[in-house]
Amino acid sequence: MAKTEWYLEYEIQINRPGLLGEISSLLGMLSINIVTINGVENGRRGMLLLADNTEQITRLKLILQTMETIIVTKIRKSKLRDRLAVRHGKYIHRDADDRKTVRFVRDELGILVDFMAELYKQDGHKLIGIRGMPRVGKTESIVAASVCANKKWLFVSSTLIKQTVRSQLIEGEYSSDNIFIIDGIVSKQRANERHWQLIREIMQLPAIKVVEHPDIFVQSTEYNIDDFDYIIELRSDENEEITYDVVESSQFSGGNGFFSVD
């Protein structure tokens with residue numbers, strides 16, 4: 001029988017020598033394997049565990065509740081956020097009102113790339129939007145995550161080097177293993193009907209699509225924000241406001257040129 005991965009998080013109440021050893025010994029006696037241990041936010045410790053069955057976790061929980069030195073804050077089957085928290089030592093932050101919106105600042109590009117790479121590894125259709133001001137690292141993070149996930153990326157519209165709009169793909173580019181990158185502002189400002197038809201075709205593929213400036217993208221399409229599986233917000237700092245008037249004017253200034261691909 002395959003083992004199941006669980007996430008255990010606890011807050012230390014009395015930090016004395018040998019505490020981690022005691023918990024590790026307890027897990028060993030219950031035949032629960034430790035995969036990874038790391039400190040996470042607010043002075044808590046997180047563990048990824050492997051257990052044969054739920055009964056082992058139930059017994060563990062009952063025993064841990066009798067310990068005065070720790071308070072168990074989470075014990076559940078592991079989620080992506082849990083695995084990233086143990087890996088990086090901090091949680092990704094979700095919007096309190098919209099749970100599919102996750103927020104990062106530029107200092108957290110490492111965990112952002114890791115988060116996106118894990119999404120890219122999942123099979124099937126997934127629509128991801130990313131908001132942020134110019135030169136904050138949106139496109140670079142999308143590409144870096146593609147490299148981490150060992151996926152090929154394709155710019156359907158972009159301003160990374162030149163303002164690029166594609167109206168067709170070549171043979172082999174329709175693969176569901178590819179990451180399709182769309183810039184909502186470029187598509188809205190520069191695209192023709194052939195480009196929008198290409199986007200409709202791409203949306204039908206069981207593949208990952210990443211849309212920069214999703215709020216602008218939905219203004220020109222039949223899609224809406226509810227169609228997105230995740231919305232990522234990337235800021236230079238926590239207090240930065242994402243303003244689309246500034247984004248749109250900056251996107252088409254600077255003499256980058258325009259490149260159309262047929």
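Values reported hereafter were calculated over all heavy atoms of this structure, with side chains retained and with hydrogens, waters and symmetry mates removed.
- The one candidate from Asp229, Val211, Ile208 that meets the side chain to side chain contact (heavy atoms under 4.5 Å, CB included) condition with Ile128 is Ile208.
- Within 6.0 Å of CD in Glu238 there are 12 or fewer heavy atoms belonging to other residues, nucleotides or ligands.
- Between the side chains of Ser78 and Glu5, at least one donor-acceptor pair of N or O atoms lies under 3.5 Å.
- For the residue pair Glu212 / Thr139, a side-chain donor-acceptor distance below 3.5 Å is found, with atom types taken as modelled.
- With Leu49 as the fixed residue, the side chain to side chain contact (heavy atoms under 4.5 Å, CB included) test singles out one of Val35, Thr36, Ile37, Ile34: Ile34.
- Pairing each heavy atom of Arg94 with each of Arg81, the nearest pair is NE-CD, 3.2 Å.
- The backbone N or O of Leu30 lies less than 3.5 Å from a partner atom in the side chain of Gln56, making a donor-acceptor pair.
- When atom types are taken as modelled, the side chain of His195 and the backbone of Arg166 share a donor-acceptor pair closer than 3.5 angstrom.
- Here Arg200 pairs with Glu193 in a salt bridge; the nearest charged N to carboxylate O distance falls below 4.0 Å.
- In summary, Arg106 and Glu240 do not engage in a salt bridge, as defined by a charged side-chain N under 4.0 Å from a carboxylate O.
- Using the six-membered ring where Trp is involved, Phe228 and Phe217 have ring planes that are perpendicular, over 60° apart on the 30 and 60° scheme.
- Remark: Asp82 does not engage Lys74 in a salt bridge, criterion side-chain N to carboxylate O under 4.0 Å.
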